[in-house]
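Presented below is the structure to which this report refers.
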Amino acid sequence: MATVHDGAATVREAVDRHPLVPLPHRVVSRRAWGADVVTLGLEPVDGEPISYRCGQFAMVTAFGVGEVPLSFSSRSGPGPLEHTVRDVGAVTHALATAGPGDVVGVRGPFGTAWGVDELAGGSRAHDPVVVVGGGIGLAPLRGAIEVLTATPDSARRTTVLVGARSPDQIVFDDDLDRWGAAGATVAVTVDAGARGWDGHVGVVTSLLGPRLASPERTTALVCGPEVMIRFATRALADRGVAPGRILVALERNMQCGLGWCGHCQLGPLVLCRDGPVVDAGRIGTLLEERER
Ligand SMILES: Cc1cc2nc3c(=O)[nH]c(=O)nc-3n(C[C@H](O)[C@H](O)[C@H](O)COP(=O)(O)OP(=O)(O)OC[C@H]3O[C@@H](n4cnc5c(N)ncnc54)[C@H](O)[C@@H]3O)c2cc1C
Ligand code: FES
């Protein structure tokens, strides 16, 4: 029987020929954040690193267990690519418990991106950027914030607002300090405080304040639980940010990542192709309609 590997001298060649074949990657680093979130650094076993844009995702395989969509939580560059995974089920558990030397599969990149290079140094290089992340929703934003805080000019224009359910659910705490030190405004809130927490308590939108300095020039990047996305989108629009400049990352059940199977459909959008990053003008009331 013919297989996709026929005639391919290396796994890399097979991958190049067929987008459903995962490219083996070795775990080169592992960092745990709290009880159930882990960032894995991955390098290809064979060949060049894959190149991707912040906001895109990959289908990541725990061999023998299954495949799940995970956003890139690093910026594409010379170092290892990173995925940050919350252990919620069989596949994410297998990935979250992988350690240096283990091999996982990666295929992608897939989907749309935040367009952060434009915001950091392109045509919108003087505009304010507000990043709103809830819980593990900060993972797809992390690479974008790295780009935005890479120069003092864009760091100063960047506000990072982070919400977590409780203090022990805050991820990337070292990064938050580093982004603040680079010049970004960073604020963190928790839904429920705990002993030793003297920070802000309240939902993430409470960090926005009553008004923004230049709402008509502001671009917002939003990712988190869907209810948070809905409230954050509304709060930003109420403060004068145009729907076309409110970019949100949406998650749906994804199987192929290629626009073939239809599992990720949201109204007219095929989110593995038209998303995960979509502007609020395009989703309109689709999220509200799903709730009804
Ligand atoms: C584009 C995209 C990017 C993603 N990026 C990340 C990421 O960077 N880090 C991360 O930890 N997770 C991310 N996810 C979610 C991740 O794919 C799911 O947690 C994973 O598929 C669960 O698989 P499982 O086999 O471990 O658990 P399952 O047994 O399949 O599910 C366990 C529980 O998680 C819920 N669940 C499954 N899929 C999702 C989902 N897409 N969103 C919310 N809940 C879900 C199920 O309803 C169930 O309650 C992303 C999802 C998408 C679509
Ligand atoms: S995951 Fe198959 S069409 Fe989107």
Side-chain angles (χ1 to χ4, degrees), residues 18-20 22 25 30-42 52-76 81-98 104-114 133-146 162 164-165 169-172 175 221-230 247-278 283 287 290-291:
H18 201 292
L20 290 177
H25 278 63
R30 181 182 189 278
R31 164 83 203 255
W33 311 91
D36 59 356
V37 178
V38 165
T39 298
L40 296 178
L42 304 175
Y52 55 91
R53 291 175 295 141
C54 300
Q56 290 189 295
F57 70 96
M59 297 300 295
V60 182
T61 307
F63 289 111
V65 187
E67 187 185 55
V68 290
L70 293 178
S71 302
F72 294 98
S73 67
S74 49
R75 61 185 296 188
S76 194
L81 72 82
E82 291 183 329
H83 287 294
T84 299
V85 58
R86 167 158 280 149
D87 179 350
V88 295
V91 181
T92 50
H93 179 71
L95 294 170
T97 51
V104 301
V106 178
R107 62 184 182 89
F110 299 120
T112 54
W114 297 112
I136 188 74
L138 199 54
L141 294 161
R142 182 171 174 245
I145 303 169
E146 291 292 344
V162 176
R165 253 180 279 146
Q169 301 269 320
I170 297 169
V171 292
F172 308 135
D175 297 327
L221 317 181
V222 183
C223 187
E226 212 152 285
V227 62
M228 187 222 92
I229 290 181
R230 286 210 318 277
L247 308 180
V248 306
L250 298 175
E251 292 187 2
R252 283 296 173 283
N253 178 3
M254 290 186 184
Q255 304 273 311
C256 69
L258 293 157
W260 293 351
C261 71
H263 276 94
C264 63
Q265 197 147 2
L266 175 69
L269 303 175
V270 175
L271 282 176
C272 67
R273 184 192 62 204
D274 305 324
V277 178
V278 186
I283 51 174
L287 296 181
R290 274 184 74 254
E291 287 287 297

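Any value given below was found using the heavy atoms of this structure, including those in side chains, with hydrogens, waters and symmetry copies removed. Order of appearance sets the numbers: ligands from 1, and atoms from 1 within every ligand. All residue numbers in this chain count up from 1 along the given sequence.
The shortest distance between side-chain heavy atoms of Thr61 and Val104 does not fall below 4.5 Å. Leu40 has its side chain out of reach of Arg31: every pair of non-hydrogen atoms, C-beta onward, lies at least 4.5 Å apart. Counting heavy atoms from C-beta on, the side chains of Trp114 and Leu141 come closer than 4.5 Å. Two residues are said to be in side-chain contact when any heavy atoms from C-beta on lie closer than 4.5 Å; Leu271 and Gln265 fail this criterion. Residues Thr39 and Arg142 form a side-chain contact, since some pair of their non-hydrogen atoms from C-beta on lies under 4.5 Å apart. Using a 4.5 Å heavy-atom threshold, the side chains of Val37 and Thr84 count as touching. Between Glu82 and Leu42 the shortest side-chain heavy-atom distance does not fall below 4.5 Å. Counting only heavy atoms from C-beta outward, the side chains of Thr112 and Pro276 approach each other to under 4.5 Å.
Residue-to-ligand polar distances keep Ala139 apart from ligand 1: every N/O pair is separated by 3.5 Å or more. For the pair Asn253 and ligand 1, the shortest N or O to N or O distance does not fall below 3.5 Å. Not a single N or O atom of His93, backbone or side chain, sits closer than 3.5 Å to an N or O atom of ligand 1.
In this structure, Met228 and Cys223 approach most closely via the heavy-atom pair CE-O, 3.7 Å. Nearest heavy-atom pair, Pro22 versus Phe63, reported as atom, atom and distance to 0.1 Å: CG-CE2, 4.2 Å. In terms of heavy-atom proximity, Ala144 sits nearest to Leu221 at CB-CD1, 4.3 Å. Summarising the geometry of Cys54 relative to Ser74, their closest heavy-atom pair is SG-O, 4.3 Å, with the distance given to 0.1 Å. Between Gln255 and Glu67 the shortest heavy-atom distance is O-OE1, 3.8 Å. Annotation for Pro19 and Trp260: closest pair CG-CH2, 3.9 Å, computed over non-hydrogen atoms.
Of the protein's non-hydrogen atoms, Arg86 N, 2.7 Å is the one closest to atom 11 (O) of ligand 1. Scanning the protein heavy atoms around atom 32 (C) of ligand 1, the nearest turns out to be Val88 O, 3.3 Å. When hydrogens are left out, the protein atom nearest atom 18 (C) of ligand 1 is Thr92 CG2, 4.4 Å; that is the closest non-hydrogen contact. Scanning the protein for heavy atoms near atom 4 (Fe) of ligand 2, the closest one is Cys264 SG, 2.3 Å. At the shortest separation from atom 3 (C) of ligand 1 among protein heavy atoms lies Ser71 OG, 3.3 Å. Residue, atom and distance of the protein heavy atom nearest to atom 16 (C) of ligand 1 are Pro69 O, 3.6 Å. Annotation: atom 3 (S) of ligand 2 to nearest protein heavy atom, Gly262 N, 3.1 Å. Scanning all protein heavy atoms for the shortest distance to atom 29 (O) of ligand 1 gives Gly89 CA, 4.0 Å. Protein heavy atom nearest atom 4 (C) of ligand 1, with residue, atom name and distance: Glu251 OE2, 3.4 Å.
A side-chain donor-acceptor contact under 3.5 Å links His93 and Asp87. Using modelled atom types and a 3.5 Å distance limit, the side chains of Ser71 and Tyr52 yield no donor-acceptor pair.
Atom 49 (O) of ligand 1 lies below 4.0 Å from none of the non-hydrogen atoms of the protein. By the definition of a contact as any protein heavy atom under 4.0 Å away, atom 7 (C) of ligand 1 is in contact. Closer than 4.0 Å to atom 40 (C) of ligand 1 lies at least one heavy atom of the protein. For atom 36 (N) of ligand 1, the protein comes within 4.0 Å by no heavy atom at all. Distances from atom 26 (O) of ligand 1 to the protein include at least one heavy-atom value under 4.0 Å. Protein heavy atoms are found inside the 4.0 Å sphere centred on atom 13 (C) of ligand 1.
With ligand atoms numbered from 1 in the order given, ligand 2 contributes 1 (S), 2 (Fe) to contacts under 4.0 Å with heavy atoms of Gly257. Proximity to Val85 (heavy-atom distance under 4.0 Å) selects the following atoms of ligand 1: 11 (O). Each of the atoms 24 (P), 25 (O), 26 (O) of ligand 1 lies under 4.0 Å from some heavy atom of Val91. Heavy-atom contacts of Leu70 reach the following atoms of ligand 1: 4 (C), 5 (N), 6 (C), 7 (C), 9 (N), 10 (C), 12 (N), 13 (C) (cutoff under 4.0 Å). Atoms of ligand 2 found under 4.0 Å from any heavy atom of Gly259, numbered from 1 in the order shown, are 3 (S). Set against the non-hydrogen atoms of Met254, the atoms of ligand 2 under 4.0 Å away are 1 (S). Close approach of ligand 1 to Thr84 is summarised as follows: ligand atoms under 4.0 Å from at least one heavy atom of the residue are 7 (C), 8 (O), 9 (N), 10 (C), 11 (O). Close approach of ligand 2 to Gln255 is summarised as follows: ligand atoms under 4.0 Å from at least one heavy atom of the residue are 1 (S). Those atoms of ligand 2 that come under 4.0 Å of a heavy atom in Trp260, given as number and element, are 3 (S).
Of the inter-residue distances, the one linking Phe57 atom CZ with His83 atom NE2 reads 10.5 Å to the nearest 0.5 angstrom. Remark: Gln169 CD to Trp33 CH2 distance equals 14.5 Å, nearest 0.5 Å.
Heavy atoms of Ser73 stay at 4.0 angstrom or farther from ligand 1.
With a 4.0 Å heavy-atom cut-off, ligand 1 is reached by the backbone of Arg252 but not by any atom from C-beta on. If you look at Val37 next to ligand 1, there are no close heavy atoms at all, none under 4.0 Å.
Checking side-chain atoms of Arg53 against main-chain N and O of Ser76 turns up no donor-acceptor pair under 3.5 Å.
Taking each of Leu141, Val68, Val171, Leu138 in turn, the one with a heavy atom nearest to atom 20 (C) of ligand 1 proves to be Val68.
When distances to atom 4 (Fe) of ligand 2 are checked against a cut-off of 2.8 Å, Cys256 contributes no N, O or S atom below that limit. Distance check for Cys261 against atom 2 (Fe) of ligand 2: an N/O/S atom falls below 2.8 Å.
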